[in-house]
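Each residue takes its place number in the sequence, starting with 1.
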Amino acid sequence: MDLPRIITIRESSHRIHNPLTAGKLAALGRAVRPAPGTRVLASGSGELLCTWARDHGITGTGVDISTVFTGRARARAAELGVADRVEFVHGDASGHVADEPVGLASCVGATWIGGGVAGTVELLARSLAPGGLMLIGEPYWRREVPDQETARASHADRKEDFLLLPELIERFGSLGYDVVEMVLADQDSWDRYQAAQWLNMRRWLDRNPDDELAAGIRAELAAGPARYTRYQREYLGWGVFALMRR
């Protein structure tokens with residue numbers, strides 16, 4: 001049970017595995033204001049849990065399917081001196097429910113764990129204490145997508161996979177939640193997330209020219225930057241939305 005190796009190659013230098021910069025992650029923490037001692041459920045390489053444990057005094061557990069990301073999260077906790085407040089578990093978050101209800105349940109950029117937004121909201125709700133806060137990270141269309149080719153080039157299977165921002169907000173409402181805060185990525189955030197992957201891939205190729213993944217990564221690096229700047233950067237938005245049950 002692990003992530004495909006190509007993902008950890010692309011994101012080998014990333015502490016945050018989505019287009020949220022460190023500054024925006026800090027702004028999100030200031031926006032939702034978790035009280036000291038709040039128990040948090042999260043995932044990824046642990047940047048949210050570790051920096052918020054340092055800055056806001058939260059405690060929590062991170063669950064991630066990647067052995068690489070789980071190892072990095074533990075190292076980050078030690079680096080920031082918060083290893084006594086946060087723990088990281090290698091596991092499938094799609095089936096994970098906290099042993100005890102948490103004050104903040106987070107899925108920041110991996111709603112595949114619940115088969116989409118609705119399923120992820122339902123899954124996180126099973127771990128959330130009454131009155132708790134839920135964080136969902138999700139893409140949306142910045143503007144109308146003209147055709148399916150543009151959608152596919154923006155990393156969607158089809159236009160219908162994502163909503164315009166007002167429609168996504170309404171979707172949360174239809175699930176019975178108020179949107180009480182949000183922090184949105186901008187194009188610079190996307191650049192820092194996406195463009196950093198090109199350097200990661202190039203440096204990996206230079207070290208591993210004969211690896212079985214080398215030809216595919218070479219092709220991705222040759223075509224990816226133009227495709228990203230022509231399509232994804234212009235059409236695809238992304239944000240973290242703070243929700244509370246009505």
Side-chain angles (χ1 to χ4, degrees), residues 2-29 42-52 54-55 62 64-80 88 106-112 135-142 150 152-156 162 182-209 211-240:
D2 214 328
L3 279 180
R5 192 159 58 104
I6 181 60
I7 297 176
T8 57
I9 292 170
R10 285 192 197 110
E11 302 193 14
S12 59
S13 67
H14 291 49
R15 281 181 171 162
I16 303 171
H17 300 285
N18 54 64
L20 205 67
T21 61
K24 286 184 178 289
L25 181 62
L28 178 63
S43 61
S45 286
E47 195 69 1
L48 184 153
L49 276 177
C50 292
T51 58
W52 288 15
R54 178 195 63 192
D55 298 340
D64 201 275
I65 200 170
S66 169
T67 53
V68 172
F69 293 166
T70 302
R72 289 181 191 164
R74 291 170 180 154
R76 184 64 165 154
E79 177 186 0
L80 296 185
F88 296 95
S106 170
C107 178
V108 180
T111 55
W112 54 265
L135 297 179
I136 297 286
E138 181 69 4
Y140 59 87
W141 295 124
R142 296 180 64 235
T150 299
R152 287 190 292 270
S154 302
H155 289 288
F162 304 132
M182 68 180 187
V183 172
L184 304 182
D186 54 26
Q187 288 176 308
D188 181 65
S189 308
W190 271 116
D191 293 347
R192 300 285 32 87
Y193 174 62
Q194 196 72 41
Q197 297 180 26
W198 309 335
L199 184 58
N200 292 339
M201 289 189 290
R202 176 52 196 266
R203 285 179 169 167
W204 182 91
L205 279 172
D206 289 346
R207 295 191 303 268
N208 302 277
D211 190 279
E212 62 181 358
L213 296 182
I217 291 178
R218 176 70 261 174
E220 182 176 342
L221 186 57
R227 184 175 59 244
Y228 165 73
T229 51
R230 179 171 289 117
Y231 296 106
Q232 184 177 339
R233 192 178 193 272
E234 297 302 312
Y235 286 95
L236 193 62
W238 193 89
V240 182

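D64 and T70 are not linked by any side-chain donor-acceptor pair at a separation below 3.5 angstrom, with hydrogens and angles left out of the test.
Going from atom CD1 of I217 over to atom CD1 of I9 covers 4.0 Å, rounded to the nearest 0.5 Å. In this structure, CG in L48 is found 12.0 Å from CZ in R76, a value given to the nearest 0.5 Å. Atom CZ in R202 sits 13.0 Å away from atom CG in N200 (nearest 0.5 Å). Atom OG of S154 sits about 8.0 Å away from atom OH of Y235, to the nearest 0.5 Å. Atom CE of M201 sits about 7.0 Å away from atom CD1 of I6, to the nearest 0.5 Å. Atom-to-atom distance recorded for E79:CD and R54:CZ is 9.0 Å, nearest 0.5 angstrom.
Within the 3.5 Å criterion, the main-chain N or O of F162 finds a donor-acceptor partner in the side chain of W141. With hydrogens and angles disregarded, no donor-acceptor distance shorter than 3.5 Å links the side chain of E138 to the backbone of V240. Judged by distance alone, with hydrogens and angles left aside, the side-chain atoms of H155 form no donor-acceptor pair with the main-chain N or O of Q232 at under 3.5 Å.
Between D2 and I65, the closest side-chain pair of non-hydrogen atoms is not below 4.5 Å. For the pair S12 and R72, the minimum side-chain heavy-atom distance is below 4.5 Å. With a 4.5 Å cut-off on side-chain heavy atoms, H17 and R10 do not count as touching. Looking only at side-chain heavy atoms (C-beta outward), W190 and L236 come within less than 4.5 Å of each other. Annotation: side chain of T51 is in contact with side chain of L25 (closest heavy-atom distance under 4.5 Å). Here the side chains of L49 and F88 are in contact, with some heavy-atom distance below 4.5 Å. Looking at Q187 and R142, their side chains come closer than 4.5 Å, going by heavy atoms from C-beta outward. A heavy-atom distance below 4.5 Å is not found between the side chains of E47 and W52.
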- [ ] Decide yes or no on side chain to side chain contact (heavy atoms under 4.5 Å, CB included) for I136 and V108, but give the supporting numbers first.
- [x] CA-CA 5 Å; I136 297 286; V108 180; over 6 Å; no

Open item on the list: Please evaluate residues H14 and Q197 with respect to the criterion side chain to side chain contact (heavy atoms under 4.5 Å, CB included), reporting the C-alpha separation (whole Å), side-chain torsions for both, the decisive distance (0.1 Å), and the verdict.
Closed with: CA-CA 8 Å; H14 291 49; Q197 297 180 26; 3.7 Å; yes

Task: From CA spacing to verdict: side chain to side chain contact (heavy atoms under 4.5 Å, CB included), Y193, L20 - done: CA-CA 8 Å; Y193 174 62; L20 205 67; over 6 Å; no

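L205 and A214 get closest at one heavy-atom pair: CD2-O, 3.5 Å. Residues S189 and K24 come closest through the heavy atom pair OG-CE, 3.2 Å. Contact detail for R192 and A195: the closest heavy-atom pair is NH2-CB, 4.4 Å. Considering all non-hydrogen atoms of both residues, P139 and W238 come closest at N-CD1, 3.5 Å. Taking every heavy atom of both residues into account, S66 and L3 meet most closely at CB-CD1, 3.6 Å. Considering all non-hydrogen atoms of both residues, G137 and T111 come closest at O-CG2, 3.8 Å.
Applying the ring-ring contact (aromatic ring centres under 6.0 Å, His included) criterion to Y140, with sequence neighbours excluded, gives no partner residue.
You'll find the ring centres of W198 and Y228 inside the 6.0 Å limit.
The existence of a salt bridge linking D211 and R218 is excluded, since no basic side-chain nitrogen approaches an acidic carboxylate oxygen closer than 4.0 Å.
The 12-atom threshold is not exceeded at CZ of R230, counting heavy atoms of other residues, nucleotides or ligands nearer than 6.0 Å.
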